[in-house]
Amino acid sequence: MDICVNCVYNRYPKIPPSTTFNTDIAIVGEAPGSEEIARKIPFVGPAGQLLNKALKTVQLPDREEMFVTNALLCRPPQQKPKLKQAIRQCQKRLIGELELVKPRLIIALGNIAMHSLMDDFDLKISKEQGRIMESPFLPGTKIIPMLHPAAVLRAPGDYKLLFGTMQYAAKVYAGADIPDPGKVQWEVVETEQDFQRMMNVLSTKKKVAADIETTGLNPRRDDILVVGVAYDKNKVFVLRPDMLRREMFEIPGLEWIWHNGKFDIQFLRRRGLPAMGHHDTMLLSYCLNEHTGIHDLGQLSTRILGAPPYKHKVKSKVGKKGFAELPEPDLFERVAEDADYTLQIFDTLHEKVCANEQLKRLYNRIMIPGSAFLRRVQRNGIYVNQDLLQEYKREYQQHLSEILDRILDIAQPLWDPEKYKRDTGAKSAPEVFNPGSTYQLAWLLYDVLRLKPRGRKKGRSTDAEMLSKMEGMHPIIDEMLEYRSVAKELSTYIEGVEKHIADDGRVHTTFKLHGTVTGRLSSAEPNVQNQPKRKPKVRNIFQAPPGKRLLEVDYKGAELRVLAHISGDPDLRTCFIEGRDLHAEVAEALQAPRIRAKAVNFGIAYGRTEYSFAEEFGVSVEEARQYLYDWFARFPKAKEYMDGCARAVVEGRTLVTPFGRHRRFGLITSENLSELQNESKNFVIQSVASDLTLMSAMRAEKPLRDLGVKIINLVHDSILLECPDDDGVTREAMHVLDDIMSKVPKEELGTDVPFGIDFGVGYQWGNLEEVEVDSYATQ
DNA sequence: GCGAGCCTCCC
DNA sequence: CATGGGAGGCTCGCA
């Protein structure tokens, strides 16, 4: 090529662009790689394969149907930065090619391609990816820069970003009307005059979106750094904490939109500011897609607006101390952008939710009130007896070190780090055996001691079930079982809870409304939904504070009752309506002990299979299958219902609950089909049972508060309350709960299946006494 | 520092 | 062969 004659890189191997000229879409890469040079075709190496995968998934044309070229014709020496001079030299050639092809859309992969096309060498791909650009040389052609697939190969975590941008490119190519996120502008509210001007502007608006940045995630300990209020596209007021006034949150008729507003509102309310959450873009997004981990603002703004992944650019500047270290201009830009994007994505999401009557109902009746309700439950917190916790901590530490001594007495003579490394291929091994390492334990049990667990189960697992199959074969087995049990209780339930005790002596969990695909809540930091029930001692550190008692209420067998209603199975229904003993009847039908019948009853509702029953009961899979067969023979309509769910998966139908929750089963393969079908059988049952509990708790909150009773925890189908230490009040609270919890299923589901409830009362959570509604009779 | 894999607690 | 929904602690390998 003559163009190369004067180029500093003229002696390096070159490959020409693809010969597909009759196309309206082009891809521009950086420079050919070694495989490309070898085969004389652009993008055939690993990066090319990644690119193909992304193109295919978003249904853009195949690479062969596009014009494919590179910013550099040749493969210049590695390591050295690509010379600007050479890029400029090659730029004329690149632009010339594209003028000839005249594509509608150009995908620019990586910095170099973007620099060359845009003739701007200061742009950063991490900042610009996903924006629609126009080159000074190619008017009318849309250019979308994105990460280079080779960069993604080095940082696979970035695939999501590349994929998201590619998806956006596909939309643009398909001619979708994509809003341009624009560039955010903000003004800092510095003076009282500024504040008044802001109030005047906000008073003319129907809705605004807001966001806060904080020094940390704990509303009781951390501080607000800045608040952003977006009132028009790209227009944001930014306030330092000293400029926050309650008036701004009390503007009549003004609706506030947040993204995960529960978090922001906690901080603002702690400071006496009456912030309200009328709308929440995270919850809107979750209503539209029940999958978890895809509702953060960064992903949504890129997907909906094609916004660049702005979180990226701040992250590098944020040190260990989080946003506190960020210089004000960066902090302001960040909060402004978050608020701006929240406002911009709101309409799209809200319209989509409102277009579906079920989703609209779900959003308005459960999500929005649920968010505010859970904020109050979190704020109430659960009281912890710290003296008892400390006592247990010392006791368990002592106990653990004794077990450890005994384990080492047994294991150390058998432990040979060098042999362990040779046998297992481990890179390193400690001098002392670590019972916390499942790999080391497996080596010891299976390779050194050559233990053979009883039963047919194969594999080198060291879980409790497998260990129990080796019980009595070696003294280390019993010690390991005890070690596991004590270590778990100490690290997770004693030290794990201790870490989260706040200054008020309580733990304040964080509930997620968007944490599960079924609509159950999830709880974290600490998780107050998996506190040991079978080891009540640990649960006893959660107590009633002085002057209070704990009251717990739960729907008994909620999921089976939901199944009875949803499937309409006559026998299952009448069993509940007539208050018969289901476990006894099933035990008879299955010719099994009551305890097994009970396990099957609950297991059916959880969607458990013959394999899991076989394991639990220690019977053959055939025997367990017979149990299920007998159960479903007894309740044929329930079987019909579950088969219908499984069919929905194959037919690609979406399951919808009476509360409006949706479950789609996505891409079905031969690998995941039976897995998805099991999920489908359980979805509605689990989902409805938890929504009934949430709905009941929300409805009971106010009348209970009037009695001085606070809701302090929700565990799927049970509610934990803190009640004044008074029999009369307890009785009234129980009546309120009894009334509401029996009404809610009737009203929400229109069912005549009774939803019975159980009460427990006491002072320590692990030690509650079962009581009847009328236990505290009026004198 | 982060993700994967293992294990164990809950409904 | 595996097989409902979560959180989280630990080890280990990789960056």
Side-chain angles (χ1 to χ4, degrees), chain A residues 154-157 290 292-293 320 421 424-430 434-442 457-467 480-481 483-497 499-500 509-512 514-535 538-539 554-560 602-616 621 624-625 628 642 645-646 663 670-687 689-690 693 713-718:
Chain A
R154 286 191 293 271
E290 70 279 8
T292 58
K320 284 192 190 72
K421 281 198 276 191
T424 64
K427 293 259 191 309
S428 64
N434 178 356
S437 164
T438 49
Y439 298 103
Q440 292 177 30
L441 180 63
K457 202 180 161 187
K458 297 189 295 264
R460 285 165 62 93
S461 166
T462 67
D463 65 16
E465 193 199 335
M466 203 63 138
L467 291 181
M480 273 309 305
L481 285 166
Y483 176 86
R484 285 255 178 87
S485 164
V486 176
K488 170 83 175 172
E489 285 173 71
L490 180 61
S491 70
T492 307
Y493 298 114
I494 296 176
E495 294 170 339
V497 166
K499 266 189 278 191
H500 292 104
T509 187
T510 301
F511 287 110
K512 273 192 206 151
H514 61 291
T516 69
V517 288
T518 59
R520 272 189 178 177
L521 303 178
S522 74
S523 150
E525 294 186 338
N527 183 346
V528 289
Q529 294 185 316
N530 74 343
Q531 295 298 323
K533 186 147 199 177
R534 292 181 193 93
K535 289 162 185 165
V538 190
R539 200 178 257 214
D554 58 283
Y555 278 121
K556 49 182 172 196
E559 292 181 337
L560 268 182
F602 287 120
I604 296 268
Y606 287 152
R608 285 179 62 181
T609 60
E610 56 263 45
Y611 303 99
S612 84
F613 286 123
E615 272 182 10
E616 182 182 334
V621 174
R625 195 173 289 143
L628 287 181
M642 288 190 163
C645 294
R663 181 79 169 92
S670 53
E671 282 79 39
N672 68 12
L673 176 65
S674 68
E675 193 181 328
L676 293 179
Q677 289 184 318
N678 274 325
E679 285 174 35
S680 75
K681 292 174 188 171
N682 173 247
F683 164 66
V684 175
I685 300 173
Q686 183 178 116
S687 180
S690 83
T693 312
N713 194 12
L714 298 173
V715 189
H716 309 311
D717 51 16
S718 89

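Reminder, nothing fancy here: chain letters follow the sequence lines and each chain counts from 1.
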Does a donor on one side chain and an acceptor on the other come within less than 3.5 Å for [X] and [Y]?
X: A:Lys535; Y: A:Ser485; value: yes
X: A:Ser687; Y: A:Thr518; value: no
X: A:Arg520; Y: A:Thr693; value: no

Query raised in the report: For A:Tyr483, which residues count as a side chain to side chain contact (heavy atoms under 4.5 Å, CB included) partner, sequence neighbours excluded?
Result: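 In terms of side chain to side chain contact (heavy atoms under 4.5 Å, CB included), with neighbours along the sequence ignored, A:Tyr483 is linked to A:Leu400, A:Ile403, A:Leu404, A:Ile407, A:Pro435, A:Met480, A:Ala487.
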Report task. Check side chain to side chain contact (heavy atoms under 4.5 Å, CB included) between A:Asn682 and all other residues, then give those that pass, not counting sequence neighbours. Result ->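 Per chain and number, A:Asn682 pairs via side chain to side chain contact (heavy atoms under 4.5 Å, CB included) with A:Gln686.
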Can you measure [X] atom [atom1] to [N] atom [atom2] for me and round it to whole angstrom units?
X: A:Leu714; N: C:dA7; atom1: CG; atom2: P; value: 16 Å
X: A:Leu628; N: C:dA2; atom1: CG; atom2: P; value: 18 Å
X: A:Leu521; N: C:dG5; atom1: CG; atom2: C1'; value: 12 Å

Report task. Looking only at side-chain atoms of A:Lys533, point me to the closest of C:dG4, C:dG6, B:dC11. Result ->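 In terms of side-chain proximity for A:Lys533, the closest of C:dG4, C:dG6, B:dC11 is B:dC11.
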Report summary line: In B/S/- notation (B base, S sugar-phosphate only, - none; protein heavy atoms under 4.0 Å), nucleotides 8-14 of chain C written 5' to 3' is BSSSSSS
Report task. Please identify each residue that fulfils salt bridge (Lys or Arg N to Asp or Glu O under 4.0 Å) with A:Arg663, with sequence neighbours left out. Result ->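 If we apply the salt bridge (Lys or Arg N to Asp or Glu O under 4.0 Å) test to A:Arg663, skipping adjacent residues, the hits are A:Glu290, A:Glu679.
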Report task. Not counting sequence neighbours, which residues clear salt bridge (Lys or Arg N to Asp or Glu O under 4.0 Å) with A:Lys421? List them please. Result ->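 With neighbours one apart ignored, the set is A:Glu418.
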**Report entry** Contiguous Watson-Crick or G-U pair runs (3 or more, under 3.5 Å) in DNA chain B
**Finding:**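 Runs of three or more consecutive pairs: B:1-11 with C:4-14.
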Query raised in the report: Is the ring centre of A:Tyr606 under 5.5 Å from the base ring centre of B:dC11, and are the two planes under 30° apart, so that they stack?
Result: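 A stacking contact exists, since A:Tyr606 sits close and nearly parallel to the base ring of B:dC11.
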